Amino acid sequence: MDTGDVLASLGAEGATAAAHALSLPAEAYGNDAQLEVMWAMKAYNHAEVYYNLISSVDPKFLKLTKSDEQIYTKFREAFPDLSIQVLDPELLKSADAKEKWRPFCNQFEGVVEDFNYGTLLRLDCQKDYFEENTTFATRIQFYAIEIARNREGYNDFVHNANSKTKQQKMDKS
């Protein structure tokens with residue numbers, strides 16, 4: 001069952017209740033399996049929209065937040081040598097990595113909405129989202145890495161591949 005099927009099965013009232021539930025702070029919940037599914041669906045939808053965006057629009061021109069410049073500058077100050085083309089999940093999730101990421105992330109509290117929400121992040125930026133190429137990250141980590149990928153040209157591959165496919169389809173018509 002895909003996200004659309006799940007949302008359709010919820011109906012208008014269920015979808016409204018789900019949207020309200022997702023807007024509440026995490027502390028309001030324990031380990032609720034249904035809520036985890038809703039969060040996963042929201043994260044997947046975000047990932048799908050973002051991938052479609054970088055496929056359609058030249059990533060160099062994308063502005064993901066009103067604070068892109070600040071995010072990029074602070075990211076490269078904190079992580080000047082982090083390879084972002086193919087991420088090593090340990091550089092995001094190990095105990096040492098979390099200690100380094102925490103101050104970076106926390107400086108965006110109140111600056112970037114939902115800075116600490118869970119988001120899906122592609123490990124290899126030349127590939128789409130699929131289980132082996134996806135890790136869970138905070139939204140500010142997603143923004144920092146994807147803004148850098150866009151500015152440094154790493155997401156051009158996705159955009160160019162999609163543009164080439166569209167052109168081939170138009171040529172056949």
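The model shown is predicted, which means the values in this text are computed figures rather than measured ones.
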**Prompt:** Does W101 reach the main-chain N or O of L91 with its side chain, forming a donor-acceptor pair under 3.5 Å?
**Reply:** yes
**Message:** Holding to side-chain contact (heavy atoms from CB on, under 4.5 Å), I want the full list of residues that pass it with F61, two or more places apart in sequence or in another chain.
**Reply:** D58
**Prompt:** Under a single-linkage definition using a 4.5 Å side-chain heavy-atom cutoff for Ile, Leu, Val, Met, Phe, Trp and Tyr, are Y50 and F157 assigned to the same hydrophobic cluster?
**Reply:** no
**Asked** So which heavy atom on A148 is nearest to which on F75, and how close?
**Response** CB-CE2, 3.7 Å
**Request:** Please answer whether the main-chain N or O of F104 pairs with a side-chain N or O of Q107 as donor and acceptor at a distance below 3.5 Å.
**Result:** yes
**Asked** Any chance the side chains of T65 and D68 put a donor and an acceptor closer than 3.5 Å?
**Response** yes
**Item:** NZ or CZ of R151 within 45° of Y72 ring axis and under 6.0 Å
**Value:** yes
**Asked** Has the side chain of K42 got a donor or acceptor atom that lies under 3.5 Å from a matching backbone atom of G118?
**Response** no
**CG-CD1 distance between L62 and I54, expressed to the nearest 0.5 angstrom** = 8.0 Å
**Item:** Nearest-0.5 Å distance that lies between atom CG in D128 and atom OG1 in T134
**Value:** 8.0 Å
**Nearest-0.5 Å distance, CG of residue N116 to CD of residue E109** = 7.0 Å
**Fill in**
Closest heavy-atom pair, N155 versus P59, reported as atoms and distance to 0.1 Å, is O-CG, 3.6 Å
**Request:** Before giving the answer on side chain to side chain donor-acceptor pair (under 3.5 Å), spell out for D124 and N133 the whole-Å C-alpha distance, their side-chain angles and the decisive distance to 0.1 Å.
**Result:** CA-CA 6 Å; D124 182 338; N133 193 46; 5.8 Å; no
**Message:** Please evaluate residues Y143 and F108 with respect to the criterion ring pair (Phe, Tyr, Trp, His ring centres under 6.0 Å), reporting the C-alpha separation (whole Å), side-chain torsions for both, the decisive distance (0.1 Å), and the verdict.
**Reply:** CA-CA 11 Å; Y143 282 145; F108 292 100; 9.5 Å; no
**N/O donor-acceptor pair under 3.5 Å between K60 side chain and D156 backbone** = no
**Where S56 and H159 come nearest, the two heavy atoms and their spacing** = O-CE1, 3.6 Å
**Prompt:** About how many Å separate NZ of K74 and CD1 of I140, when rounded to the nearest 0.5 Å?
**Reply:** 12.0 Å
**Request:** Please say whether more than 12 non-hydrogen atoms of neighbouring residues, nucleotides or ligands are located less than 6.0 Å from NZ in K98.
**Result:** no
**Prompt:** Any side-chain heavy-atom pair from R139 and E113 closer than 4.5 angstrom?
**Reply:** no
**Request:** Check the pair F136, L120 against side chain to side chain contact (heavy atoms under 4.5 Å, CB included), reporting the backbone distance first and the verdict last.
**Result:** CA-CA 5 Å; F136 204 62; L120 299 176; 4.0 Å; yes
**Request:** Report the C-alpha distance between E146 and R122 in whole Å, list the side-chain angles of each, state the deciding distance to 0.1 Å, and finish with yes or no for salt bridge (charged side-chain N to carboxylate O under 4.0 Å, His left out).
**Result:** CA-CA 9 Å; E146 289 298 337; R122 293 170 301 137; 3.2 Å; yes
**Item:** Residue that, paired with I71, satisfies side-chain contact (heavy atoms from CB on, under 4.5 Å) out of I145, V111, L64, V112
**Value:** V112
**Asked** Measuring from K127:NZ to E132:CD, what's the distance to the nearest 0.5 Å?
**Response** 9.5 Å
**Asked** Between the side chain of R76 and the main-chain N/O of L82, is any donor-acceptor distance below 3.5 Å?
**Response** yes
**Asked** Are V86 and F142 connected in a single hydrophobic cluster, I mean Ile/Leu/Val/Met/Phe/Trp/Tyr linked by side-chain heavy atoms less than 4.5 Å apart?
**Response** no
**Where L121 and R149 come nearest, the two heavy atoms and their spacing** = CD1-NH1, 4.4 Å
**Asked** If you take all heavy atoms of E152 and I84, which pair is closest and at what distance?
**Response** OE1-CD1, 3.4 Å
**Request:** Of all the heavy-atom pairs spanning L123 and T135, show the shortest one and how long it is.
**Result:** CD2-CG2, 3.6 Å
